[in-house]
There are 4 protein chains.
Amino acid sequence: MNEQASGHRAGPVRSAAARDAILAATARLFQGQGYDHLTIEGIAKEAGVGKQTIYRWWPSRGALIAECLTDGRLIPIDFDVPYSGDLLRDVEEWLGSVLAILETPHGAMLLRSLVAAAAEDAEVGDHLSASLGVDRHLAERLAAGIRDGQLAADAPVELLGHAVLGTIIVQSLTRRPDVAGALRELVRYLVAAR
Amino acid sequence: MNEQASGHRAGPVRSAAARDAILAATARLFQGQGYDHLTIEGIAKEAGVGKQTIYRWWPSRGALIAECLTDGRLIPIDFDVPYSGDLLRDVEEWLGSVLAILETPHGAMLLRSLVAAAAEDAEVGDHLSASLGVDRHLAERLAAGIRDGQLAADAPVELLGHAVLGTIIVQSLTRRPDVAGALRELVRYLVAAR
Amino acid sequence: MNEQASGHRAGPVRSAAARDAILAATARLFQGQGYDHLTIEGIAKEAGVGKQTIYRWWPSRGALIAECLTDGRLIPIDFDVPYSGDLLRDVEEWLGSVLAILETPHGAMLLRSLVAAAAEDAEVGDHLSASLGVDRHLAERLAAGIRDGQLAADAPVELLGHAVLGTIIVQSLTRRPDVAGALRELVRYLVAAR
Amino acid sequence: MNEQASGHRAGPVRSAAARDAILAATARLFQGQGYDHLTIEGIAKEAGVGKQTIYRWWPSRGALIAECLTDGRLIPIDFDVPYSGDLLRDVEEWLGSVLAILETPHGAMLLRSLVAAAAEDAEVGDHLSASLGVDRHLAERLAAGIRDGQLAADAPVELLGHAVLGTIIVQSLTRRPDVAGALRELVRYLVAAR
DNA sequence: GACTAAGCGAGACGGTACGTCAAGTCTTGTC
DNA sequence: GACAAGACTTGACGTACCGTCTCGCTTAGTC
């Protein structure tokens with residue numbers, strides 16, 4: 001009845017507690033049971049929240065996962081690559097922290113689930129590679145390697161990052177036993193001085 | 001009265017027509033709608049078949065996809081790698097036929113769906129990389145390249161195959177526009193004479 | 001600082017505009033869609049009013065309907081029974097105006113909805129029979145008929161009113177085609193000189 | 001795959017156990033909680049049955065109630081009217097058995113709920129008046145009364161039945177205290193020798 | 001040639017989850 | 001403090017599939 005002339009609407013504001021509970025529940029269930037088996041109803045129950053509150057703010061399961069990623073609730077945010085001067089050592093350090101994900105209890109399943117989510121939802125793929133720092137940190141470190149003369153000048157730095165991440169994914173999808181060893185060998189070859 | 005020791009039971013055997021109808025329907029629906037949205041009921045209806053007939057012979061959706069793969073109903077079987085003497089040219093030819101999948105109408109979605117299926121079902125991953133000839137044909141061609149002196153002796157041939165396939169997957173999952181160009185650049189770098 | 005002992009509270013009082021908008025919306029929606037399908041949210045939206053404003057003043061859907069009835073927003077208020085000296089003619093005139101409700105576009109549904117509301121909420125039933133004037137006007141006219149010697153002395157005037165209204169209801173609930181004709185026949189029999 | 005030439009379809013047949021459990025649960029819950037508060041989910045849970053099994057065979061809550069009525073699960077089926085020669089006594093006996101419904105623990109609510117259901121679903125109204133024997137048994141008994149000279153020749157027998165039932169309904173909806181007494185008075189008046 | 005036993009199309013069944021709607025309560029900011 | 005707006009939890013809606021289980025055939029051996 002009363003007309004408001006104000007520019008922004010009145011009324012209650014998004015509940016930070018609900019948002020946090022939902023994302024926490026999503027992360028917990030995702031890590032425990034994988035992407036299939038992850039249901040909106042399950043999340044709502046786990047979070048003690050109404051389903052509608054989820055549907056109000058997220059359009060899909062994928063969007064939830066994507067936001068969990070950007071919040072660092074599934075894997076650490078923004079894997080860094082150090083700069084010690086030794087390119088191979090630096091890349092291997094980054095690789096080690098990425099591969100550490102696979103060492104955690106359900107790490108392999110977690111990664112496969114992230115791949116499944118990324119296959120279904122574009123956002124997830126972007127946030128995943130962003131989290132791992134493939135495009136930013138790793139590519140930049142490789143570029144620095146070129147400047148330092150430790151990598152061929154024509155090395156496609158961004159693609160090499162995708163190649164490393166992709167290899168991890170392929171090995172995970174085909175359930176290879178020693179992903180870590182294989183990846184270390186690959187990186188050693190790719191980054192070898194020429 | 002007395003139990004027969006006969007090795008083979010009485011009654012009709014597995015219907016080849018049903019098997020074919022089921023796999024054909026699976027392939028059709030998978031290509032049209034993707035892995036999520038692919039349902040057993042949908043396949044049964046499309047194939048004009050009872051659900052039980054599917055459950056009798058395949059334990060899961062993934063198994064159906066895996067068998068479609070080995071039957072070459074989703075992507076061509078057994079991508080070959082020619083041997084012309086020129087390693088780069090041969091690998092690029094193989095790469096071209098793999099990338100051709102992405103050019104088909106729903107090719108990108110098909111690949112993402114295969115990845116989703118592989119993430120859920122181990123079998124699919126194996127059959128996928130087998131179909132593409134990554135481990136056998138490509139790795140062997142690379143090994144021959146080493147013998148021919150066109151590739152570094154310490155090149156991890158199998159891992160390089162995974163790296164190429166993995167890069168395709170990563171780029172597909174992040175919806176990159178020019179996967180083909182990028183892959184050609186990567187291969188050129190990996191296979192470059194040292 | 002110091003609390004005033006003033007008898008009337010601070011702040012605005014009940015908004016007459018809101019009350020009217022709510023009742024008008026209720027009547028509109030009730031007539032258009034029936035009692036089931038009538039929702040508080042729908043009324044609030046239709047009235048341009050917050051839900052809380054409805055809940056603040058009415059305890060239930062039924063109370064809204066009851067108030068619409070006493071306001072004459074659903075059916076005319078207080079059907080009168082004339083006194084011409086001819087009992088049958090007077091009762092038939094009352095009957096005609098009651099049956100006129102059924103002739104309106106969604107009249108039959110309106111009546112059924114009122115019955116549904118009355119079945120759920122006691123208030124509605126009272127207000128309904130009050131609106132129709134069954135207990136007051138009709139019963140009194142019948143009593144006058146007894147005094148005039150046009151109706152048997154032992155006629156249970158109030159019950160006869162319920163019988164007439166009840167017959168309308170039963171015929172409406174069973175979707176009889178010619179309720180009006182039937183009711184005229186019934187009234188003629190009930191009020192017949194003995 | 002195999003084409004059947006048979007006229008009626010193969011496959012499993014409707015489960016009598018499920019049908020019975022569903023109707024029993026419906027009747028139980030309807031009597032306990034009334035028509036509003038009666039939910040399909042509640043019935044399914046109470047019956048130990050999937051929701052779909054209900055939706056497969058009944059289009060609406062009303063249809064369930066209607067079938068409960070024809071099965072005699074809510075009120076006795078087919079109230080009879082005796083023929084003793086004394087019209088008033090016979091009608092009062094029928095009336096007594098109808099009013100007995102109101103004496104049961106939640107009898108008044110049961111009747112109101114039936115009215116609510118009838119207001120929403122046409123079928124229920126028909127089955128309700130059929131169950132009570134208003135149109136068949138009572139109307140026929142009244143017709144016999146006319147033949148016996150105990151009722152005026154022009155008495156609209158069917159309408160009188162509706163009037164009696166309608167009066168019960170109106171009195172129930174307005175929560176009158178002594179419905180039984182009132183009805184007995186009404187019937188005595190209606191059936192009085194002229 | 002009759003008898004069996006399995007395969008088959010169909011689809012009913014008890015479930016789980018979907019995404020939507022509305023209930024009634026609570027919160028925010030405006031008047 | 002009433003109000004419009006609308007977020008919140010709860011719970012039911014009606015639908016889609018799951019995987020299992022009859023049905024009433026058809027058919028391929030075995031006796």
Side-chain angles (χ1 to χ4, degrees), chain A residues 1-6 8-15 17-18 37-42 44 47-57 59-61, chain B residues 4 6 8-15 17-18 37-42 44-45 47-57 59-61, chain C residues 9-15 17-18 37-42 44-45 47-57 59-61, chain D residues 1-6 8-15 17-18 37-42 44-45 47-57 59-61:
Chain A
M1 284 286 102
N2 304 7
E3 305 294 330
Q4 253 91 46
S6 154
H8 53 54
R9 59 163 208 74
V13 96
R14 178 170 183 178
S15 157
H37 304 134
L38 181 71
T39 67
I40 300 286
E41 289 209 334
V49 133
K51 273 199 287 180
Q52 197 61 249
T53 301
I54 299 178
Y55 285 112
R56 184 156 28 234
W57 301 111
S60 64
R61 265 190 327 164
Chain B
Q4 294 295 333
S6 156
H8 58 321
R9 47 165 200 69
V13 290
R14 177 171 186 178
S15 156
H37 304 135
L38 181 71
T39 67
I40 299 287
E41 291 208 332
K45 181 148 289 181
V49 133
K51 277 199 286 178
Q52 197 57 251
T53 303
I54 300 179
Y55 283 112
R56 185 156 28 233
W57 302 111
S60 65
R61 262 190 329 164
Chain C
R9 48 168 196 67
V13 291
R14 178 170 184 180
S15 156
H37 303 135
L38 181 72
T39 66
I40 299 287
E41 291 209 332
K45 180 147 291 179
V49 132
K51 279 199 286 177
Q52 197 56 251
T53 303
I54 299 179
Y55 284 111
R56 186 158 25 235
W57 302 109
S60 65
R61 261 190 330 165
Chain D
M1 285 283 105
N2 304 4
E3 305 294 330
Q4 253 92 43
S6 157
H8 54 55
R9 61 163 209 75
V13 97
R14 179 170 182 179
S15 157
H37 304 134
L38 181 71
T39 66
I40 298 285
E41 288 208 335
K45 180 153 292 180
V49 134
K51 273 199 286 180
Q52 198 60 49
T53 301
I54 299 179
Y55 284 111
R56 182 151 36 229
W57 301 110
S60 64
R61 265 189 328 163

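For clarity, every value in this text was computed on a predicted model and none was experimentally measured. Chain naming here is simple, since letters A, B, ... match the order of the sequence lines and numbering starts at 1 in each.
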Participant: Mind checking what makes side-chain hydrogen bond (donor to acceptor under 3.5 Å, both in side chains) contact with A:Q52, not counting sequence neighbours?
Facilitator: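 Residues passing side-chain hydrogen bond (donor to acceptor under 3.5 Å, both in side chains) with A:Q52: none at all.
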
Participant: To the nearest Å, how far apart are A:I54 CD1 and E:dT20 P?
Facilitator: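 After rounding, the reported distance stands at 13 Å.
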
Participant: Looking at every strand, decide which applies to D:R56 at a 4.0 Å heavy-atom threshold: base, sugar-phosphate, or nothing.
Facilitator: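 D:R56: base contact, heavy atoms under 4.0 Å.
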
Participant: Output all residues satisfying side-chain hydrogen bond (donor to acceptor under 3.5 Å, both in side chains) with D:S60, sequence neighbours left out; order by chain, then residue number.
Facilitator: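 Applying side-chain hydrogen bond (donor to acceptor under 3.5 Å, both in side chains) to D:S60 gives D:D121.
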
Participant: Is the distance from OP1 or OP2 of F:dA7 to the nearest side-chain N or O of A:T53 less than 4.0 Å?
Facilitator: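 For F:dA7, neither OP1 nor OP2 has a side-chain N or O of A:T53 closer than 4.0 Å.
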
Participant: Looking at A:A44 and A:G50, what are the two nearest heavy atoms and their distance?
Facilitator: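 Closest approach of A:A44 to A:G50, heavy atoms only: CB-C, 4.3 Å.
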
Participant: Within this structure, what is the NZ-to-P distance between B:K45 and E:dG11, rounded to whole angstrom?
Facilitator: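 Rounding to the nearest Å, NZ of B:K45 and P of E:dG11 are 8 Å apart.
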
Participant: Can you tell me if A:W57 touches the phosphate of F:dC8, counting only side-chain N or O atoms and a distance under 4.0 Å to OP1 or OP2?
Facilitator: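 A:W57 to F:dC8 OP1/OP2: side-chain N or O found under 4.0 Å.
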
Participant: To the nearest 0.5 angstrom, please state how far the CD1 atom of A:I54 sits from the CZ atom of A:R61.
Facilitator: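 Interatomic distance, A:I54 CD1 to A:R61 CZ, rounded to 0.5 Å: 12.0 Å.
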
Participant: Does a nitrogen or oxygen in the side chain of A:S15 sit under 4.0 Å from OP1 or OP2 of F:dA7?
Facilitator: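 It does not, given that no N or O in the side chain of A:S15 lies less than 4.0 Å from OP1 or OP2 of F:dA7.
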
Participant: Where along nucleotides 15-21 of chain F does protein come under 4.0 Å, by heavy atom, of base (B) or sugar-phosphate alone (S), with - for untouched nucleotides?
Facilitator: BBBBBBB

